[in-house]
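Report on the following structure.
The figures here come from the full heavy-atom set of this structure, side chains too, leaving out hydrogens, waters and symmetry mates.
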Amino acid sequence: MASIAEKLTDITGAAFAALDLPVELGQVRVSDRPDLAQFQCNGAMAASKMAKKNPREIAQAVVEALQSHKEFSKIEIAGPGFINLNITDDYLASHLAQSAGDERLGVEKIAKQETIVLDYGGPNIAKPMHVGHLRSSIIGDSLRRICDFAGYSAIGDVHMGDWGRPMGMILSVLEARGTLGEPVTMDQLEEIYPAAAKACKEDEAQMEKAREATVKLQDGDETYKAAWKQFIDVSVKGMKKNFDALGVHFDLWKGEADVHELIAPMVNKLKTNGFAVESEGALVISVEQEGDKKEMPPLILLKSDGGVMYGTTDLATIVERMEENNPVKIIYVVDQRQSLHFEQVFRAAYKGGIVPENIELTHAGFGTMNGPDGKPFKTRAGGVMRLEDLISMGIEKAQARLAEADLARDMDKGERADIAQKVAIAAIKFADLQNNRIADYVFDIDRMTSFEGKTGPYLLYQAVRIKSLLRKAEGQGFKPGKEFLLRDSDRSLALLLTELPNVFEGALKNYTPHLLCEYAYRLAQEFSSFYAACHILSEEDEALRSSRLALCELTQSQIVLVLGLLGIKIPERM
RNA sequence: GCGCCCGUAGCUCAGUUGGAUAGAGUGUUGGUUUCCGAAACCAAAGGUCGCAGGUUCGAAUCCUGCCGGGCGCACCA
């Protein structure tokens with residue numbers, strides 16, 4: 001089912017078409033002047049340009065065509081040619097009843113279930129996960145949930161950095177220490193990796209050994225491979241702990257190494273097709289296009305030493321995904337700084353015939369995380385902050401807040417821990433997701449674990465309050481009704497509840513979860529005002545009471561749905 | 001040097017793709033609880049939308065030029 005704005009758009013669109021004007025001009029949206037009207041259509045002003053007529057005359061003609069539609073309670077022309085529209089309470093009420101009765105709450109499903117692969121998380125082997133992985137993980141996970149709800153078969157792939165030079169560096173250092181082949185722990189790995197990176201940077205001979213080790217590993221050397229396999233296992237365990245705590249899900253635990261076998265055939269094919277050429281000792285594929293404003297460096301497939309670059313593995317990963325998943329879209333949730341790289345890879349993929357033109361490859365990039373000083377985020381000690389430290393800080397603060405509240409007294413330890421966990425994750429996720437994906441953003445630990453104002457916990461609080469209210473109502477034998485009765489104090493919440501399908505569509509189309517954050521917050525806020533203004537359980541008019549309970553229930557369902565799409569879980573109480 | 005992104009209230013951010021009086025949170029000030037959960041609600045103050053031009057009925061939004069910040073430009077990932 002469509003949203004109210006869409007239904008009204010159909011009506012006004014037809015009115016424009018009847019005047020031989022483009023249907024698109026009939027676009028109706030929620031008014032940005034709620035004091036004047038509920039909905040507005042601006043098409044008459046755009047039409048006046050093409051028809052060379054007075055916009056108010058056009059608006060007048062459209063308005064006359066709309067008169068026969070009984071959905072409207074008020075149709076007015078304002079200013080230069082705005083068409084202001086109000087709908088009848090009957091119409092609003094019946095629309096609400098429909099969406100309340102719909103298990104998808106009015107959000108339409110795509111016609112055909114197609115596959116989307118989402119690439120996010122991207123943790124590296126042997127390195128602890130830090131706050132930099134947070135954005136990719138939670139934005140990616142949210143986008144996966146959004147695509148899934150839209151009706152796609154959405155596949156999330158963690159795509160670990162488990163290949164290439166860093167692996168060679170670790171192996172060469174282990175060898176130098178004489179401990180290659182012995183089991184290592186995560187703590188040891190975390191010590192070895194930076195030590196190895198430092199040694200290679202300072203010592204050219206060590207770097208040369210690292211290069212050799214990289215090539216040998218990639219050529220399938222048994223000893224190296226066994227050691228490598230072992231530290232993959234150890235690292236993955238550590239990653240899973242973090243992802244589980246965050247509630248970030250992956251369908252595939254693939255890494256760069258998984259496509260190694262596909263590289264040689266892919267490269268050969270690109271060679272025989274004439275796309276891959278030699279340049280300065282390396283094998284490259286040129287990705288320049290006509291109309292390029294900037295220099296576009298070629299994508300390097302093979303380095304002059306025969307080694308593989310990450311662009312090559314990315315390309316081979318596309319080969320694999322096309323074969324195994326046959327997706328219509330592949331979405332990369334990776335730092336915006338990689339945009340040139342993805343431009344190169346995508347162009348190479350299309351040019352080399354690895355993906356057909358009608359398959360969408362998108363880099364859904366996100367901004368750099370800065371500290372409150374505007375510079376790339378560092379802890380006070382100057383290091384990176386570990387993800388697990390951030391999570392435990394959030395949980396501690398949630399526990400402290402819970403201890404303050406009287407309500408926590410009667411809860412057992414297990415429930416209290418569960419609530420603290422959910423509150424902390426809601427705080428962290430919402431603080432991040434509410435920012436526009438593309439812009440750099442300031443990572444402020446206090447803001448991220450704050451529980452007041454526009455925060456995740458505020459949303460949980462409203463949801464929990466509704467739950468509690470509905471429980472109480474049930475205890476008194478009151479049930480949410482099937483019909484809506486709209487008084488002045490109910491109407492703005494009711495109108496807001498009809499916007500969900502449009503908001504969802506925007507978030508899906510632009511890969512922007514922050515639109516859902518914005519909506520969830522408006523909903524919670526609108527509900528809170530409504531809740532303060534009307535006392536529901538003591539309402540004596542039964543029809544009004546059950547209508548209001550129905551509004552509560554629908555609000556509740558929408559908050560659950562939207563927070564679910566953001567990857568935020570709601571406790572029973574808090 | 002070339003290119004990409006950003007610049008909106010003291011601070012952190014929205015702004016539905018060109019619409020009416022630019023909105024939230026936070027912080028500041030004041031108010032609200034014999035009543036469904038005060039992690040709340042109501043209200044006030046706070047703006048040359050970086051600057052200057054241009055396009056038009058109409059610009060935070062589109063175009064041009066500056067200023068300021070961030071990032072990226074072939075053998076790292």
### Message
Tell me the interatomic distance from A:Tyr441, atom OH, to B:A14, atom C1', rounded to whole angstroms.
### Response
16 Å

### Task
Please report, rounded to the nearest Å, how far the C1' atom of B:G1 is from the NZ atom of A:Lys294.
16 Å

### Task
Find the distance A:Arg165:CZ to B:A74:C1' and express it as a whole number of Å.
14 Å

### Message
Can you work out whether A:Leu36 or A:Arg337 has the more 5'-proximal nearest nucleotide on RNA chain B?
### Response
A:Leu36

### B:G37 base / A:Lys472 side chain donor-acceptor hit below 3.5 Å
no

### Task
Would you mind classifying the nucleic acid contact of A:Arg401 as base, sugar-phosphate or nothing, using non-hydrogen atoms under 4.0 angstrom?
base

### Message
Both distances below 3.5 Å, Watson-Crick or wobble geometry, any strand: find the nucleotide opposite B:U64.
### Response
B:A52

### Summary
When both distances are under 3.5 Å in a Watson-Crick or G-U wobble arrangement, the nucleotide paired with B:A20 is none

### Query
So what does A:Ser528 touch, heavy atoms closer than 4.0 Å: a base, only the sugar-phosphate, or nothing?
sugar-phosphate

### Message
Need one value for A:Val30: base, sugar-phosphate or nothing, where a base atom within 4.0 Å counts as base even if backbone is also close, heavy atoms only.
### Response
nothing

### Identity of whatever pairs with B:C75 - Watson-Crick or G-U, under 3.5 angstrom
none

#### Entry: Whole angstrom value for the distance that separates C1' of B:A77 from CD of A:Gln218
12 Å

### Query
Just how far, in rounded Å, is P of B:U16 from CG of A:Leu500?
19 Å

### Task
Look at all strands and tell whether A:Asn510 reaches a base, only sugar-phosphate, or nothing, counting heavy atoms closer than 4.0 Å.
base

### Query
What is the nucleic acid contact for A:Asp444, judged by heavy atoms within less than 4.0 Å: base, sugar-phosphate only, or nothing?
nothing

### Task
Nearest whole angstrom, please: distance from the C1' of B:A60 to the CG of A:Asp32.
14 Å

### Task
For A:Cys41, report the nucleic acid contact type (base, sugar-phosphate, nothing); a contact means any heavy atom under 4.0 Å.
nothing

### Donor-acceptor pair under 3.5 Å, A:Ser304 side chain vs B:C75 base
yes

### Task
Mind checking A:Asn42 for me? I need base, sugar-phosphate or nothing, with any heavy atom below 4.0 Å counting as a touch.
base

### Task
Would you state whether a donor and an acceptor, one from the side chain of A:Tyr461 and one from the base of B:A39, lie under 3.5 Å apart?
no

### Query
Base, sugar-phosphate alone, or nothing: which one does A:Ile536 contact when heavy atoms must sit under 4.0 Å apart?
base

### Message
Using heavy-atom distances to pick each residue's nearest nucleotide on RNA chain B, tell me which of A:Thr368 and A:Ala46 is more 5'.
### Response
A:Ala46

### Query
Atom NE2 of A:His514 and atom C1' of B:U17: how far apart are they, to the nearest Å?
13 Å

### Query
Hey, does A:Glu295 reach any base, or is it just sugar-phosphate, or nothing, if we go heavy atoms under 4.0 Å?
nothing

### is_close_aromatic(A:His363, A:Phe346), centroid dist under 6.0 Å
no

### Message
Please determine whether any donor N or O and acceptor N or O are separated by less than 3.5 Å between the side chain of A:Gln40 and the base of B:A20.
### Response
yes

### Query
Which part of the nucleic acid, if any, lies within reach of A:Ala473 when heavy atoms closer than 4.0 Å are counted: base, sugar-phosphate only, or nothing?
nothing

### Query
Could you give the CG-to-C1' distance, from A:Asp440 to B:C5, as a whole number of Å?
8 Å

### Query
If we call it a pair only when both distances are under 3.5 Å in a Watson-Crick or G-U wobble match, what pairs with B:A40?
B:U32

#### Entry: Complementary nucleotide of B:G47, counting Watson-Crick and G-U pairs under 3.5 Å
none

### Message
So for A:Glu280 and B:A74, does any side-chain atom that can act as donor or acceptor lie under 3.5 Å from a complementary atom in the base?
### Response
yes

### Task
Looking at every strand, decide which applies to A:Glu256 at a 4.0 Å heavy-atom threshold: base, sugar-phosphate, or nothing.
sugar-phosphate

